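Here's the structure, in structure tokens; my notes come after.
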Amino acid sequence: MDQSVFGYTQFADGLSADVGTQKSSITGTLGTGNEIWYGMLRTRGTSAAHFSGAALSSMPYGSGNTRVAMSVSLMLDTSKLVRPTTGFSTIFSASNAAGLQWGLGITSTGSLCMLWQPNSSGSITNYATLGYTVPATGSLSLSLVTGRYEGTTDGTRLYVGNSSTYFTNTGLKFGGTSITQLNVGGDRTDNSRLQAAVQQLYVHDKALSQTEVGSLMAEMAAVPEPATATLSLLGLACMAWRRRRAA
């Protein structure tokens with residue numbers, strides 16, 4: 001996590017990234033029409049939460065300066081992933097100044113899907129459904145890696161739950177561009193929105209290897225869930241109070 005360019009161990013806590021080599025360079029803004037900030041994902045509104053800054057604009061062109069190299073890893077609370085009524089909803093997307101986008105979504109049937117859109121073409125309309133249906137409850141770690149993964153193949157790979165389970169798309173790759181923005185949450189106009197599903201988020205300026213993904217997911221799994229962390233703090237506070245009373 002510390003090797004990311006920026007990351008959030010408790011995504012719902014607010015705007016400021018708490019880990020990463022360039023965490024101070026990232027700015028977050030709330031999309032228009034949204035009413036919920038904490039959790040970053042909304043029950044209403046037509047725009048995602050947006051992140052920009054030097055940590056994104058300096059993403060390298062991998063594989064001989066021809067492909068964007070980038071990895072986005074998340075821990076999701078799947079019970080809060082609201083499926084769209086039709087098509088897909090965006091979990092996250094990365095974009096350049098001209099409107100080129102790539103990312104990850106969930107379909108109306110609960111399947112994960114890779115997303116992409118050419119330059120200057122508006123909202124994302126292209127998606128490829130993967131052979132994985134998101135469970136209704138529980139935590140799920142995901143890592144979407146684009147560039148030259150494993151040092152040999154250009155394209156995009158999604159790791160699901162662990163580094164041994166993955167889906168690849170060698171046709172999904174981007175070259176000669178700078179990523180300027182990370183968008184978290186849906187860009188669709190229907191009412192089926194993601195709602196505070198993201199628990200953790202980490203962005204790397206490289207195509208993580210399978211071994212690196214495995215190490216990162218192990219670190220993510222060790223971070224207490226927000227509710228667990230809150231209960232732990234309450235427990236410590238009660239213990240301190242009892243000790244003072246006993247003294």
Side-chain angles (χ1 to χ4, degrees), residues 1-4 6-20 23 28 36-43 48-49 51 71-84 88-94 103-115 129-145 156-167 182-186 192-204 208 210-235:
M1 297 185 293
D2 291 336
Q3 285 71 48
S4 63
F6 68 95
Y8 298 79
T9 55
Q10 299 294 340
F11 190 57
D13 283 351
L15 287 168
S16 300
D18 61 312
V19 296
K23 62 182 181 181
I36 294 179
W37 175 246
Y38 290 105
M40 307 277 195
L41 305 175
R42 289 105 1 246
T43 55
F51 298 86
S71 301
V72 179
S73 303
L74 313 95
M75 180 69 79
L76 300 178
D77 178 350
T78 61
S79 68
K80 296 177 181 178
L81 275 176
V82 180
R83 301 174 183 180
F88 68 89
S89 281
T90 304
I91 297 174
F92 82 86
S93 65
L104 183 67
I106 184 171
T107 70
S108 58
T109 59
S111 295
L112 292 174
C113 58
M114 291 184 184
L115 313 175
T129 303
L130 307 174
Y132 183 87
T133 300
V134 175
T137 59
S139 295
L140 179 65
S141 56
L142 301 169
S143 188
L144 192 63
V145 175
T156 300
R157 174 177 285 185
L158 174 67
Y159 294 89
V160 180
N162 56 67
S163 60
S164 299
T165 304
Y166 55 83
F167 304 87
L182 180 71
N183 315 293
V184 179
S192 298
R193 297 270 171 209
L194 302 173
Q195 299 186 29
V198 177
Q199 297 177 324
Q200 302 175 52
L201 170 71
Y202 308 98
V203 177
H204 289 76
L208 293 176
Q210 188 172 8
T211 299
E212 288 171 326
V213 169
S215 297
L216 176 59
M217 286 186 170
E219 288 186 79
M220 293 166 64
V223 174
E225 296 181 10
T228 303
T230 301
L231 289 174
S232 298
L233 290 173
L234 288 173

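Each residue takes its place number in the sequence, starting with 1. The structure displayed is predicted, hence computed values, not measured ones.
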### Query
Considering residues at least two apart in sequence or located in another chain, which fulfil the side-chain hydrogen bond (donor to acceptor under 3.5 Å, both in side chains) criterion with E219?
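Scan of E219 (side-chain hydrogen bond (donor to acceptor under 3.5 Å, both in side chains), adjacent residues dropped) gives none.
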Rounded to the nearest 0.5 Å, how far apart are [atom1] of [X] and [atom2] of [Y]?
{"X": "T156", "Y": "F167", "atom1": "OG1", "atom2": "CZ", "answer": "14.5 Å"}
{"X": "L140", "Y": "S79", "atom1": "CG", "atom2": "OG", "answer": "12.0 Å"}
{"X": "L104", "Y": "F88", "atom1": "CG", "atom2": "CZ", "answer": "11.0 Å"}
{"X": "E212", "Y": "Q3", "atom1": "CD", "atom2": "CD", "answer": "9.0 Å"}

### Task
Please identify each residue that fulfils side chain to side chain contact (heavy atoms under 4.5 Å, CB included) with S143, with sequence neighbours left out.
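Partners of S143 by the side chain to side chain contact (heavy atoms under 4.5 Å, CB included) criterion, ordered by chain and then number, come out as S73, V145, Y159, L208, V213, M217.
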### Query
For S215, what residues pass the side chain to side chain contact (heavy atoms under 4.5 Å, CB included) criterion, not counting sequence neighbours?
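Expected list: none.
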On a heavy-atom basis, which atom in [X] and which in [Y] lie closest, and how many Å separate them?
{"X": "C113", "Y": "I106", "result": "SG-N, 4.0 Å"}
{"X": "R83", "Y": "G110", "result": "NE-CA, 3.4 Å"}
{"X": "Q199", "Y": "S139", "result": "OE1-OG, 3.5 Å"}
{"X": "Q10", "Y": "V223", "result": "NE2-CG1, 3.6 Å"}
{"X": "M220", "Y": "M75", "result": "CE-N, 3.6 Å"}
{"X": "S4", "Y": "V203", "result": "CB-O, 3.3 Å"}

Any heavy-atom pair between the side chains of [Y] and [X] that's under 4.5 Å?
{"X": "L142", "Y": "L112", "result": "yes"}
{"X": "F92", "Y": "L144", "result": "yes"}
{"X": "I91", "Y": "L76", "result": "yes"}
{"X": "M1", "Y": "Q200", "result": "yes"}
{"X": "L201", "Y": "L182", "result": "yes"}
{"X": "V160", "Y": "Y166", "result": "no"}

### Query
Is it true that a side-chain atom of T78 and a backbone atom of T137 form a donor plus acceptor pair closer than 3.5 Å?
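Confirmed, T78 side chain pairs with T137 backbone.
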